[in-house]
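Hydrogens, waters and symmetry mates play no part in the numbers below; they use all other heavy atoms, side chains included. As the structure is a computational prediction, the values presented were derived from the model and not from experiment. One-based numbering along the sequence shown.
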Amino acid sequence: MQQSQMPAPERKDPIRPTDDTARSLGKQLLRSARSGSLATLGRDGHPAASLVSLATDVDGTPLILVSALSAHTGHLEADPRCSLLLSPGGKGDPLAHARITLKLRAAKVDRETPDGIRIRRRFLSRQPKAALYADFGDFSFFSLSIEGASLNGGFGRAYELAPSDLLSEAVAAHAIAAIEEGAVAHMNADHAEAVRYFATGLLSAADGKWRLTGLDPDGADLARGDTVLRLAFPTPVASAGALRAALAALAAQAREAT
């Protein structure tokens with residue numbers, strides 16, 4: 001007697017619809033990372049992974065500083081396609097923690113342009129120890145344009161993100177980039193106590209000499225030694241006035257929480 005075959009169970013799509021929670025987590029992982037695993041394509045076509053230090057441009061575009069002596073630099077010059085795994089980890093099972101893989105296209109930065117000057121400043125603000133070698137002749141900055149991303153927020157929480165899900169809006173990023181350097185210097189010089197309250201009152205960090213290292217439409221980057229924090233704004237800002245108002249409101253909130 002011929003047995004009837006049971007139909008195969010329908011396979012459930014593991015990718016969840018992208019929502020604001022996924023976007024927020026993706027931005028947090030991107031903006032908070034100080035290092036990541038960069039995968040490039042070797043000349044033999046085989047993928048090669050290496051560890052790189054990391055910063056972001058005002059709009060969130062990843063930035064790296066690499067030596068011409070490193071294999072991955074030659075790989076990027078031959079084929080700009082690459083990817084970057086950001087995985088901060090934590091206690092317990094590494095796979096239970098959020099991580100993101102960015103699909104990227106690399107471009108060498110011309111240091112002498114306004115963009116190059118800004119990128120160097122932002123990178124060294126994030127990675128101050130790199131000042132020891134950043135200006136050596138064999139070192140170059142690369143900007144890594146985001147073409148897509150795969151976000152895993154933990155078991156059963158997978159998302160595919162578009163560049164617009166991770167990057168700040170272009171007009172807003174341009175506006176904040178124009179005032180960022182002065183605003184950061186002003187906050188660190190004249191409002192150091194507010195910056196400390198950002199860390200301790202809003203982000204539950206240990207007390208210490210915290211400083212701002214960067215500002216962008218979506219938030220502020222803070223550092224104390226090698227420890228970095230990300231303070232997200234409640235809503236994006238797109239002007240100097242909106243940035244001042246957001247920082248003042250957060251400072252008031254931080255003092256109340258301290």
Side-chain angles (χ1 to χ4, degrees), residues 20-21 23-36 53-63 86-92 97-100 118-131 153 166-168 172-173 176-177 179-258:
D20 287 342
T21 299
R23 295 184 185 96
S24 178
L25 177 58
K27 288 181 178 181
Q28 179 71 20
L29 291 169
L30 173 57
R31 293 287 196 174
S32 298
R34 294 188 70 243
S35 63
S53 56
L54 186 68
T56 58
D57 206 346
V58 177
D59 69 347
T61 297
L63 308 171
L86 308 178
S87 179
K91 294 182 179 179
H97 297 283
R99 62 271 191 193
I100 189 169
R118 181 191 68 252
I119 284 169
R120 179 186 182 278
R121 173 179 57 78
R122 280 187 61 89
F123 190 93
L124 294 183
S125 292
R126 185 70 164 180
Q127 306 282 355
K129 293 178 181 178
L166 295 170
L167 298 174
S168 300
I176 300 304
I179 61 170
E180 183 213 10
E181 183 176 12
V184 168
H186 171 68
M187 289 296 297
N188 286 329
D190 298 336
H191 300 285
E193 185 178 66
V195 174
R196 182 166 64 89
Y197 286 153
F198 290 159
T200 58
L202 297 182
L203 300 172
S204 302
D207 199 4
K209 193 174 181 181
W210 290 93
R211 61 187 179 88
L212 276 186
T213 61
L215 291 164
D216 57 76
D218 293 301
D221 297 316
L222 291 81
R224 181 174 67 98
D226 290 331
T227 302
V228 298
L229 296 173
R230 175 68 176 175
L231 177 62
F233 295 151
T235 57
V237 300
S239 67
L243 177 62
R244 284 193 297 269
L247 292 172
L250 287 170
Q253 180 182 342
R255 289 188 181 93
E256 290 179 1
T258 303

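Of the inter-residue distances, the one linking Ile119 atom CD1 with Thr56 atom OG1 reads 10.5 Å to the nearest 0.5 angstrom. In this structure, the separation between OG on Ser35 and CG on Leu86 is 8.5 Å, given to the nearest 0.5 Å. With rounding to the nearest 0.5 Å, the separation of OG1 in Thr213 from CD in Gln127 is 10.0 Å. Note that the CG atom of Leu63 and the CG atom of Leu124 stand 11.0 Å from one another [nearest 0.5 Å]. Here CG of Asp20 is found 9.0 Å from NZ of Lys27. Values are rounded to the nearest 0.5 Å. A distance of 12.5 Å separates NZ in Lys209 from CZ in Arg196, rounded to the nearest 0.5 Å.
Using a 4.5 Å heavy-atom cutoff, the side chains of Arg34 and Asp226 are in contact.
In this model, no donor atom of one side chain and acceptor atom of the other lie less than 3.5 Å apart for Ser125 and Arg211.
Taking all atoms of both residues into account, the shortest heavy-atom contact from Gly214 to Arg122 is CA-NH1, 4.1 Å. Pairing each heavy atom of Ala254 with each of Phe198, the nearest pair is CB-N, 4.1 Å. When all heavy atoms are compared, the tightest approach of Ala98 to Pro88 is O-CD, 3.7 Å. In this structure, Ile176 and Ala238 approach most closely via the heavy-atom pair CD1-C, 4.4 Å. Nearest approach of Ala220 to Leu212, heavy atoms of both residues: CB-CD2, 3.8 Å. Counting all heavy atoms, side chain and backbone alike, Pro234 lies closest to Leu250 at CD-CD2, 4.4 Å.
Within the structure, side-chain hydrogen bond (donor to acceptor under 3.5 Å, both in side chains) contacts touching residues 229-248 (residues at least two apart or in different chains) are Asp216-Arg230, Asp221-Arg230.
Between Leu202 and the options Leu229, Leu231, Leu222, a side-chain contact (heavy atoms from CB on, under 4.5 Å) holds for only Leu231.
Between Glu180 and Arg118 there is no salt bridge, since none of the side-chain N atoms of the basic residue sits less than 4.0 Å from a carboxylate O of the acidic one.
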- [ ] Show the numbers, then the answer: is there a side chain to side chain contact (heavy atoms under 4.5 Å, CB included) between Val237 and Leu215?
- [x] CA-CA 10 Å; Val237 300; Leu215 291 164; over 6 Å; no
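Judged purely by atom type and a 3.5 angstrom limit, Asp59 uses its side chain to pair as donor or acceptor with the backbone of Thr61.
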